[in-house]
2 protein chains.
Amino acid sequence: MTVISPLIDKLITALRQLPGVGQKTAQRMAFQLLERNREGALSLADALQQACQRVGRCQRCRTFSETDICRLCEDVRRQDSGLLCVVETPADVLAIEQTSQYQGLYFVLMGHLSPLDGIGPEDIGLDNLAERFAGGAINEVILATNPTVEGEATAHYIADIARQYRVKASRIAHGVPVGGELEYVDQTTLTHAFSGRKSLE
Amino acid sequence: MTVISPLIDKLITALRQLPGVGQKTAQRMAFQLLERNREGALSLADALQQACQRVGRCQRCRTFSETDICRLCEDVRRQDSGLLCVVETPADVLAIEQTSQYQGLYFVLMGHLSPLDGIGPEDIGLDNLAERFAGGAINEVILATNPTVEGEATAHYIADIARQYRVKASRIAHGVPVGGELEYVDQTTLTHAFSGRKSLE
């Protein structure tokens, strides 16, 4: 459907690649950028190109990084903490960092174990992780994979490896979200909340 | 807040320039593009650059166009229709074109009269529009500006110009949207719907 200009149509189609952006939203974005913010559009184009071309993976924790070793891995205080938090994606690292509560290192699986899709331990870097455990600098591994079937299976698999190297393994707590209403919480979460209850002394 | 990589932070900031995209959505977009769709991200960067650099204005109807005269203005059948539809933005042209019902020409104001903001008749191309009327090829001008105070004022202003050149002026109908429920329609729209009622004969 080429109506006004093939270039605008191409831009609308390209904007639809963004997650959660459908035809109407893409049209609105395209016209708004062209009408009012061409400078912003060009800076977005530049940021996309730079990020795609220069962002690789940290060689130590596998997260996105434009340097060989990411900033978090290079932080001496984090290295001294002896804590390693295992997450599925770089977005999880950002979410945890935004709490400002955790001061240890990360290890990013970039996925989870999924034998049916052919994703085995090496694909999510568990050989590297075992080397980290063998290195002796890690006292505790905190498993923060998603509370899905695959995430749980991955967490248990990693806990088994940790045990071999005598590294303490823990799993983040699952339960009712703070600010959430009990009425609207799903059954599995409620079950977790009950089985993981803490004594109030 | 630079956490993982300055380039990713820059990308997230740039994505927030898109209308309706906040911090969380921008993060999700950035990570999804980097993890799964770098090709799409590069094609988006390219589309943004091309559109910003090459999309200008049609010299006849003022809509966005990468050629001097846009495709719609060059369409001989539309030229022969004698119909000219006046809208505020190129997005409105697209919306009307998507109905496939209108087969005439357009004139895009790129705004509306707004004396308080210093936007006068020349700023929205009304001198060009008067020349079009004087040219004699237009039989009817359909005023499809937005049903806002400024849109109405602009429509009336253009109707006055049309009258001078003996061009028939009409306004698109305003009323209850098809599929909408009467209960949820605002009072002004309902008032329009009543005053614009049609006899069923």
Side-chain angles (χ1 to χ4, degrees), chain A residues 1-8 10-21 25 27-55 58 63-67 70-72 89-91 93-95 97-98 106 110-111, chain B residues 1-8 10-21 25 27-55 58 63-67 70-72 89-91 93-95 97-98 106 110-111:
Chain A
M1 166 216 62
T2 295
V3 178
I4 307 181
S5 144
L7 284 178
I8 296 180
K10 213 179 122 196
L11 176 58
I12 292 171
T13 309
L15 282 165
R16 290 191 59 179
Q17 311 236 28
L18 295 170
V21 174
T25 311
Q27 283 176 18
R28 196 160 54 89
M29 287 175 167
F31 284 119
Q32 220 234 22
L33 290 175
L34 286 169
E35 275 172 48
R36 286 183 227 150
N37 196 2
R38 293 204 183 198
E39 210 173 299
L42 288 173
S43 76
L44 174 56
D46 185 56
L48 284 164
Q49 277 172 337
Q50 295 267 336
C52 286
Q53 283 157 7
R54 290 172 46 199
V55 171
C58 169
T63 197
F64 287 138
S65 172
E66 57 206 85
T67 46
C70 76
R71 289 163 171 240
L72 298 174
T89 67
V93 174
L94 189 56
E97 279 303 300
Q98 281 170 349
Y106 291 93
M110 288 284 184
Chain B
M1 166 215 63
T2 295
V3 178
I4 306 180
S5 143
L7 284 178
I8 296 179
K10 212 179 123 198
L11 176 57
I12 291 171
T13 309
L15 283 164
R16 290 191 59 179
Q17 312 236 28
L18 295 170
V21 173
T25 310
Q27 283 176 18
R28 195 159 54 89
M29 287 176 168
F31 284 119
Q32 219 232 24
L33 289 175
L34 285 169
E35 275 171 49
R36 286 182 228 152
N37 195 3
R38 293 203 184 200
E39 210 172 299
L42 288 173
S43 77
L44 173 56
D46 186 55
L48 284 164
Q49 278 173 337
Q50 295 267 335
C52 285
Q53 284 156 6
R54 290 172 47 198
V55 172
C58 169
T63 197
F64 286 139
S65 172
E66 55 205 85
T67 47
C70 75
R71 290 165 170 239
L72 298 175
T89 68
V93 173
L94 189 56
E97 279 303 300
Q98 282 170 349
Y106 291 93
M110 289 283 183

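In the text below, chain A, chain B and the rest are named by the order of the sequence lines, each starting its count at 1. All heavy atoms count here, side chains included; hydrogens, waters and symmetry mates do not.
- For B/Tyr106, the ring pair (Phe, Tyr, Trp, His ring centres under 6.0 Å) test picks out B/Tyr102, with sequence neighbours left out.
- Your options are B/Ala45, B/Gly20, B/Ser43, B/Gly40, and the one with the most heavy-atom pairs under 4.5 Å with chain A is B/Ala45.
- Distance check, rounded to the nearest 0.5 Å: CG of B/Asp46 to NZ of A/Lys10 gives 4.5 Å.
- Both the backbone and the side chain of B/Leu11 come within less than 4.5 Å of a heavy atom of chain A.
- If you tally non-hydrogen atom pairs under 4.5 Å between each of B/Pro19, B/Ala14, B/Ala47, B/Ala51 and chain A, the highest count goes to B/Pro19.
- One finds the CD atom of B/Gln98 at 4.5 Å from the CD atom of A/Gln27 (value rounded to the nearest 0.5 Å).
- Between atom CD of residue A/Glu39 and atom SG of residue B/Cys52 there is a gap of 10.0 Å, rounded to the nearest 0.5 Å.
- For chain A, the nearby part of B/Gln32 is the side chain; its heavy atoms alone come within less than 4.5 Å.
- Here CG of A/Leu7 is found 3.5 Å from CD of B/Glu66. Values are rounded to the nearest 0.5 Å.
- Side-chain contact between B/Pro90 and A/Phe31 is present, with at least one heavy-atom pair separated by less than 4.5 Å.
- Residue B/Gln53 places its CD atom among more than 12 non-hydrogen atoms of other residues, nucleotides or ligands, all under 6.0 Å distant.
- Interface check for chain A: of the options B/Ala41, B/Ala95, B/Ala91, B/Cys58, the most heavy-atom pairs under 4.5 Å are formed by B/Ala91.
- Under the rule for a side-chain hydrogen bond (donor to acceptor under 3.5 Å, both in side chains), the partners of B/Arg54 that lie at least two apart in sequence or sit in another chain are B/Gln50.
- Interface summary for chain A: among B/Thr67, B/Leu42, B/Thr13, B/Val21, the most heavy-atom pairs under 4.5 angstrom belong to B/Leu42.
- The candidate with the highest count of non-hydrogen atom pairs below 4.5 Å against chain A, out of B/Ile12, B/Leu33, B/Leu18, is B/Leu18.
- Only the side chain of B/Thr63 comes within contact range of chain A, judged by heavy atoms closer than 4.5 Å.
- In this structure, B/Leu48 CG and A/Leu48 CG are separated by 7.0 Å, a value rounded to the nearest 0.5 Å.
- Residue B/Met29 holds its CE atom at 8.5 Å from CG of A/Leu15, rounded to the nearest 0.5 Å.
- Side-chain contact of A/Glu35 with B/Thr89: a donor-acceptor pair under 3.5 Å is absent, judged by distance alone.
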